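For reference, the structure discussed in these notes is given below.
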4 protein chains.
Amino acid sequence: MSTGNLQPTPDDRFTFGLWTVGWQARDPFGDPTRPALDPVEAVHRLADLGAYGVTFHDDDLIPFGSDAAVRRQHIDRFRSALDETGLVVPMMTTNLFTHPVFKEGALTANDRSVRRYAMRKVLHNLDLAAELGARTYVFWGGREGAEVDVAKDLPSALDRYREALDTLAQYVVDQGYGIRFAVEPKPNEPRGDIFLPTVGHALAFISTLEHADMVGVNPEVGHEQMSNLNFVHGIAQALWQGKLFHIDLNGQHGPKFDQDLVFGHGDLISAFGLVDLLENGGISGASPYDGPRHFDYKPLRTEDADGVWVSAAANMRTYLLLKERAHAFRADPEVQEALAMAGAGDLATPTLGSGESYQELLADSSAFEDFDAEARAVRGEGVVRIDQLMVEHLTGAR
Amino acid sequence: MSTGNLQPTPDDRFTFGLWTVGWQARDPFGDPTRPALDPVEAVHRLADLGAYGVTFHDDDLIPFGSDAAVRRQHIDRFRSALDETGLVVPMMTTNLFTHPVFKEGALTANDRSVRRYAMRKVLHNLDLAAELGARTYVFWGGREGAEVDVAKDLPSALDRYREALDTLAQYVVDQGYGIRFAVEPKPNEPRGDIFLPTVGHALAFISTLEHADMVGVNPEVGHEQMSNLNFVHGIAQALWQGKLFHIDLNGQHGPKFDQDLVFGHGDLISAFGLVDLLENGGISGASPYDGPRHFDYKPLRTEDADGVWVSAAANMRTYLLLKERAHAFRADPEVQEALAMAGAGDLATPTLGSGESYQELLADSSAFEDFDAEARAVRGEGVVRIDQLMVEHLTGAR
Amino acid sequence: MSTGNLQPTPDDRFTFGLWTVGWQARDPFGDPTRPALDPVEAVHRLADLGAYGVTFHDDDLIPFGSDAAVRRQHIDRFRSALDETGLVVPMMTTNLFTHPVFKEGALTANDRSVRRYAMRKVLHNLDLAAELGARTYVFWGGREGAEVDVAKDLPSALDRYREALDTLAQYVVDQGYGIRFAVEPKPNEPRGDIFLPTVGHALAFISTLEHADMVGVNPEVGHEQMSNLNFVHGIAQALWQGKLFHIDLNGQHGPKFDQDLVFGHGDLISAFGLVDLLENGGISGASPYDGPRHFDYKPLRTEDADGVWVSAAANMRTYLLLKERAHAFRADPEVQEALAMAGAGDLATPTLGSGESYQELLADSSAFEDFDAEARAVRGEGVVRIDQLMVEHLTGAR
Amino acid sequence: MSTGNLQPTPDDRFTFGLWTVGWQARDPFGDPTRPALDPVEAVHRLADLGAYGVTFHDDDLIPFGSDAAVRRQHIDRFRSALDETGLVVPMMTTNLFTHPVFKEGALTANDRSVRRYAMRKVLHNLDLAAELGARTYVFWGGREGAEVDVAKDLPSALDRYREALDTLAQYVVDQGYGIRFAVEPKPNEPRGDIFLPTVGHALAFISTLEHADMVGVNPEVGHEQMSNLNFVHGIAQALWQGKLFHIDLNGQHGPKFDQDLVFGHGDLISAFGLVDLLENGGISGASPYDGPRHFDYKPLRTEDADGVWVSAAANMRTYLLLKERAHAFRADPEVQEALAMAGAGDLATPTLGSGESYQELLADSSAFEDFDAEARAVRGEGVVRIDQLMVEHLTGAR
C-alpha cells in the first residue's frame, strides 16, 4: 500500500470549532496551560493548514455580557479574517453552560426566567448565524440534565425542551434564515445525566417536534463512546433516518471523562468504519454523508501553541489517511469477494418478494414447513475474514 | 417508618417470564446447575406466590421443531394450568436467537431464507398470542447485530427490520388481534453490537414505521445500565412519548455482562426512582405507567429450586417495598417543601406565557437585556437536600 | 426497624478535606458557582456539624507561591481555629496537579527539574504535617500518567515513583515524624490513564518499596467505581493485606467522570456492604477498619453555601444510618441462620486439616476419587435469600 | 511502508489454547454452531499454520470424570500428535469452572469438600503438566468470586486462595517440577465479581504468598479492558515487577461481556502499544517479554471450521504486522527526535543525582526556592506529535 497526498484542501470541507484550538487546557484539577487564542489568529492558522471553515459558540467570539458596540467590533474583526482567508462558517451554536446562571439547566431549568434568558440568548445568536451564512445551528444541552432523578420533573423537562426547539424553529422559518438545527447528544458530564444522552434518544425526541423536518442530529464520536455504544451504528441509523445534519469528529478511550482526543487517536478501527461509511455510504449504495467534517477535539493539556497546530493538522491528516484506506478496502476484489461470500449485499433484497404479500409468505412452505434450519445453520458466514482484510487495509499491509 | 403489607396479589399485576424461573443456569463458562422446570409447575408456583401473569417465548413452551400435535399438547396443558390458577398471559414473544440458524441474524440476517423463516416463526406464534389473549408482543432482536462494522450493510439492516415490523403489524391489524408490539433494546450480548441498542434508538426507529402507533418499547433495567445510561430518564422519555408499552424489571451492576439480578438487587437508588415514576408519575402530574410489572431476571446460578422461588418472591416484595417508600416520599410535607424550594414544579409552566409569541419574548427586556444573570446565579437549588430526603425514605429512616 | 440517633460526634471520627466543602464548583464546562471559603470558617462549620477532623493539600491552606511570612500567617490562623474547635488534622497531602508545571507529571514527569521540584514541595509540606500532628500523608498522583502509551517510558515512570516514595519515606523515618504514607489510586481523570489505577495496582507497587511497611493505600469509593470494580472487594483485600491506612468516602454512578457525590448517594447497596465491612469486619472475625472516616466529595454545583453544609451533614448522617442498619443485619438471627445455611462461616476453616500435609490430602480418597461431584452440585447455596435480607435491612423493612 | 513476511514460524513462539479453536460457540443465548474439534486435529492444524505450541485445561483433553485408562488414552493420542508436529505444551491449567460443583467457588468455595476436591483436581493435572513439559501453570479463578458482598467472608476467601497457592507451590517445589504459576485476573463473568479482578490485585495478592518468587501473572487483553483499564500500563507494571510469566492475547471492545476477539480486532492502538512493549521493551532499555505469545480468543459464533482456521491465522498475522510496524516506529529518526524533544528518555535518569542525599536536595535552592514554575510551565511536551507518528506508522503511512 502506498500512501497518497494527505494535504487537506477546502474541498475536503474540514471545519474546526474556535473552542478547540482555542482551549486553554483548564481541567477539573488544573489551571490553564496555554494563553487565550485570538479568534482572528485561529482563522488564519486554520486556513493555512487547509481547513474549509470555522464554527463557534457566541461566547467564543464575543465575551459574555459584551454590549452591542463591543459585540460588533468582535464580529467585524472576525468577518474580516474570514474574508481574507476564504474560510466559511457552516455551523454556529450557543454557550448555555459556562455561566453559573445555567447551573441547573438552561432551556430546561426549573426557573422560568432562566429558560427565557436562555431562549433569548439563542435567538440573539441565530441572527448572527444568519448574518454569517451558517447553515446549521447546533444545540448541545450541556446543562440540561440532573444528578437526582426524583428531584427533577423529567416529563416537564422534555416538554420545555420541545417548546424551546419548536419556538426557535418557528423563528428561523419566519425569518427565512434557511438554517437547520442539529441536536448534539451526550450521556453525562458536566451533569450527572444529560437529557437526550445518545443519538437514539435525540432522534426519538426530534420525531415529536413541530418542525421535525428541519431538526437533525450532530453526533460526536466521543460522546457515544462514553457509553461504550458503537458510533458507526449510531451514525448509520442517523443517516438512514435522513438526520445526520452535522458530525463532531474526535477520539475517546471508552467510558471515562470526555477526552476529545484527535480524530483517530482513540478507537482506530471504529474511526476506519466511520470514515468508510461517511465517504462510501452503505455496501449496497445507501448515500454517504455530504456535510462538513467537523473536528470537536481538545489539544492535549501537555501541548503548547505549536502542539495545538500539530494536533489540528493531525485530525485532517488522519481523516484523509483513513479515507484513502477505506477507498482501497472497498475497491479490493478480495474484499468484494469476501463480502459476497458473506452475503452482505443480499441484505438489500427485501424479505418479501416484489409484490409478495404476507399471505403468500404464509403459503410458501419452503419458507417454514420445509425449511431445513439445521442444514442452514452449519454454513459459515466468513465475517472474520472481512475483519482481517479490514485490519490489513487499515494498517497499509495490502 | 413502618413497613406495611408486602404480600403481592394479582392486583399488583406482577408477571414473570417462563424463562426466568425456568433458567437452568447454564452460562458461558458453566453447565446447568438446575433441572428443567415444567411450565405447568411454573404457573402454579407463580400463582401461589401472588403473581398476576406469565409470559414466554414460543420455544419456552413448545420445543423447537415440535410438530403440530405435540405443539397442541403443550398448549393445552399450559392453558389448563392458566385456567386452574387464574394466571393470564399479557405478553408473548419469539425466540429468534437460540438456534444456530439465527447466528448471523434473524429478521436482519444477510440470508433472505433465514429472514423469511424468522418472519414465519413470528407469524406462527402471533396466532398463539392471540389465542391466549396476549395484548403485547415483544421483539428482542438478540441476534440482530454485528461484530464487524464494515462487514454488514447497516442501512439495509434497518430497512429489513422495518420491513419485518411493518409486515407483521399489518398481519395483526388484518387479523384484528388487538395486539401491540414492544421493541426491547439492548446494546450488546450475545452480539458484539446489537441494532437498536438503547430506549432512544428503539423509539427513533419506531417513529419511521408504517404502524408506528401500535409499536412501543419494552425497556429492561439491566440492558440500559449495561451502557451506564440512566434508566429512569429513559423510561421518562418513553412515557413522555406515549411508548412505554411494557417493562422488564431486574438488577444490574453497571457495564458488564447481562446479570439479570433480582429487581432492586443492583442499583437500589435507581430502582427507587423508577418505582416512584412508574407508580406516581411526574412531579407535576404526568401519568404513571399502567401496564404489567414484568420481571425478566435470572435466579443466581448458585441457587437450587428453593432459591428460585425465594428469588421470584424477592422481586415482588422489593417492588412493593419501594412502592410504599415512594408513596411516603411524595406525601412527606418536608419533601414537598424541598421540591417547591428547588422549583421542581415550576418546570411544568411553559416558558412562553399563555398566548405569548416569540415576538413578545423578544420585546421583553426583563428576559434578556435587563436580566441579572450574576444575581440569579448565586441562588442555590437545594437538590442535595432532596437527595438526602430520598435516601432517608428509601432506608426507612423517615 | 426504628432509626436511632444519627447525630455525629467526634467519636465517630468523621473527617473532611478543606477542598470538599471549599470546592467552588468550577467544572470543565463551567465557571465557579460559589465564592471561596475561608478555611477557618470551614473548620468552625465542620466542628459545629460534629466532625472530628479536617484534612488538606498544602495549596488549600496556603496559596501556591506564598512566601514564608504569608505561609506562617495562614498556618497560625488555621491552627487557632483547630484549637478553638478541637478539630484535629489526621491526614495531609500535596497538591501536585493544579499548577501547569505539573502538566506532564510531577514525581514521574519526564523533566527531572519538575520531579525535583515536586519532591521538594512534598518535603516542605511533610514538615507542616508533622507540625500539625497528621498521622497519614496521602499521595494522589493526579498527573502521574499519560495519554499516549508509546510516548512515555512506562518502566522508568515506576522507577521514579518508587525512588520518590523511598526517598520521602526515608526522610520521615529520619525525622521521626511517625507519619505513614497512603497511596490513592485512580484510573483516569485528569490524565487519560493514571499510573497505579486501582487499589490492586497500588498495593502491588507498594510491595516493591524500601519502606513498604509504612506505606498503605487510601482508596476512594468513586475512583474504583469509575472502573466498575467492586469497591468492597478492593477494601477487603487492602484490609487483608494490612494496608488500609485511610479511606475516601463518596458516591459515584459508574464509569463516567469523577462525580464525588455525597456518600451513599451513588451505589447504596455497595455503600451498605462497605460500612458493614469497615464497622463489623469479616464474617468470621477479621478486623474492621480503625482509621478516620474521611469524606472526599464535592457538593453539587447547583448548591449554594447552605447546600454545602446540608451535603456535609448528609455524608455523616448516611454513614451513621448505614452503620445502624449493618449492625442490625449482623445481629438478626434470621441473617445468621441464612449465612450458616450458605456456609459463609466455613470459609474460615483451612482447606487442609490442622497439621495435614498435601501428601495426606493426596491420600484422602474421599476428597477426590470418591467425591461425588454430581451429588454436591445439586445443593443450593441460599445466596439470594441473604441478598434480600440485606435489602430489607437496608430499607428499614426489618 | 512496505510490509514484509507475515508468515509465522515456531520461532515466533505463538501458542493457542485447545479451547480457543475448539470453542463450539455456545453462548448465554444460543446453542453451539460448530461440532466438537478433536484435539489431535487442532494440534495438526495449528502446526500447519506455523504455531509453536498448544495449551489446555485438563477437561479440554480428558472429559471430566474419565477413568484412568480413558485418561491415558487421551494423553497418548495427544502426545503422539505433539511428537508428529513438533508442537510443545508450554502452559497448562485446570478447569475449575464448568462443572456445577464449582458454582459457589472452587479454591475459595464455602464448602471445604469442594475446596479439597478442587485442590486435588489441580494436583492431578500438575503431574500431567510436568509429564508434558509445561513450564507455566495458569490459575484463572473463574468461579472464585461473589454476587453479594455481605454473603461472603471476603478476608477468609483470600486466606483460602493463599492457602491453596502456597500448598500447590510447595508440591511443585517438592516434586522438582520446575513449573511456575501464573495467576490470571478478570473482573467479572461468569461471577458478578471475581476475586483478584485486575493485574494489580493479582500482583498484590502474589506479594503475600509463601512462594511469591515462583508466582507471576497471566494478564489477558480483554479482561483488563472489560474494566476499561489501560492494558499496556498493566503489562508495564507486571514486567517492571518481574512478574509477566505469561500473556493472553485477544481483542475486546471495552466494558461489556468477554468478547475474546482476534488479537488486534478490538483496540488496535492499544495492541500496537502492547506489541511495541513486548517486543522492544522500555524506551530506555527495560527488558522486553520473552515468553510465549499465547492467543486466548474465540472464533466468532458466525464462523464454521474454515472460519476457525482463518481466525487462528489472523491472530498471528496481525501480531507480526504490528511487530513490524513497531520496529519501524522505534527505528524512525523522526520518532527518535520527537521522543527526545518530549524528554521521554530523561525519565530513566534518577531524580536524585548519583549519590545525592535528600539533604542535598533540600539544600539545592535551584530545585525549589529558585525554581521558576511559571517559566517551566509554558514549555510544550510534544506528545501529540508522537501520537500522530505512531498512528502513521501503524497505518503504514510512513
Side-chain angles (χ1 to χ4, degrees), chain A residues 1-3 6 31 33-35 225 228 230 251 253-256 261-262 264-272 299-308 310-311 313-315 317-318 321-322 324-325 342 377-385 387-398, chain D residues 1-3 6 31 33-35 225 228 230 251 253-256 261-262 264-272 299-308 310-311 313-315 317-318 321-322 324-325 342 377-385 387-398:
Chain A
M1 179 73 212
S2 68
T3 300
L6 301 181
D31 287 335
T33 68
R34 291 189 289 264
Q225 294 179 344
N228 205 28
N230 184 313
H253 289 301
K256 56 176 69 169
L261 301 170
V262 165
H265 289 198
D267 183 339
L268 187 60
I269 285 178
S270 178
F272 177 85
L300 292 179
R301 189 171 176 270
T302 48
E303 307 303 294
D304 61 11
D306 284 349
V308 167
V310 167
S311 68
N315 278 292
R317 194 169 161 83
T318 303
L321 181 52
L322 296 179
E324 188 180 86
R325 297 279 180 273
V378 302
R379 200 172 86 196
E381 311 291 345
V383 176
V384 81
R385 181 183 168 207
D387 208 2
Q388 181 64 11
L389 285 166
M390 181 268 288
V391 167
E392 296 185 15
H393 272 284
L394 172 51
T395 52
R398 296 183 69 89
Chain D
M1 179 71 215
S2 68
T3 300
L6 301 182
D31 288 335
T33 67
R34 292 189 289 262
Q225 293 179 345
N228 205 29
N230 184 313
H253 289 301
K256 56 175 68 167
L261 301 170
V262 166
H265 289 199
D267 182 339
L268 187 60
I269 286 177
S270 178
F272 176 86
L300 291 179
R301 188 170 176 272
T302 47
E303 306 304 294
D304 61 11
D306 285 349
V308 167
V310 167
S311 68
N315 278 292
R317 194 170 162 82
T318 304
L321 182 51
L322 295 180
E324 187 180 86
R325 297 279 180 272
V378 301
R379 200 173 86 196
E381 312 291 345
V383 176
V384 80
R385 182 181 167 209
D387 208 2
Q388 181 63 12
L389 284 166
M390 180 269 287
V391 167
E392 296 185 15
H393 272 283
L394 172 52
T395 53
R398 295 182 69 89

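Residue numbers begin at 1 in each chain, while the letters A, B, ... track the order of the sequences. Predicted, not measured: the structure shown is a model, and the values here were computed from it.
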- Note on the structure: Minimal heavy-atom distance between Asp304(A) and Gly380(D), with the atoms involved, is OD2-N, 3.2 Å

- Checking heavy atoms, do the side chain of Leu300(D), its backbone, both or neither come under 4.5 Å from chain A? side chain

- Non-hydrogen side-chain atoms of Leu268(A) and Thr395(D) separated by less than 4.5 Å: yes

- Sort out for me which of Val378(A), Asp267(A), Leu394(A), Thr33(A) touches chain D most, counting heavy-atom pairs under 4.5 Å. Leu394(A)

- So which of Leu261(A), Val310(A), Val262(A), Ile269(A) has the largest heavy-atom pair count under 4.5 angstrom toward chain D? Ile269(A)

- Who wins among Thr302(D), Thr318(D), Leu322(D) for the most heavy-atom pairs under 4.5 Å with chain A? Thr302(D)

- Note: Glu392(D) and Leu321(A) closest approach over all heavy atoms is CG-CD2, 4.3 Å

- Message: Report which part of Val383(D) has an atom under 4.5 Å of a heavy atom belonging to chain A: side chain, backbone, both, or neither.
- Response: both

- Pick from Pro255(A), Ala377(A), Ala305(A): which one has the most heavy-atom pairs with chain D under 4.5 Å? Pro255(A)

- Item | Under the side-chain hydrogen bond (donor to acceptor under 3.5 Å, both in side chains) test, residues paired with Glu381(D) that sit two or more places apart | Arg376(D)

- Query: Are any of the side-chain heavy atoms of His265(D) and Gln388(A) separated by less than 4.5 Å?
  - Reply: yes

- Message: With a 3.5 Å distance limit and no angle check, can you tell me whether Asn228(D) reaches the backbone of His253(A) through a side-chain donor-acceptor pair?
- Response: yes

- Note on the structure: Honestly, the part of Asp387(D) sitting under 4.5 Å from a heavy atom of chain A is both

- Task: Could I get the full list of side-chain hydrogen bond (donor to acceptor under 3.5 Å, both in side chains) partners for Arg34(D), not counting sequence neighbours?
- Result: none

- Query: So which heavy atom on Ser311(A) is nearest to which on Val384(D), and how close?
  - Reply: CB-CG2, 3.8 Å

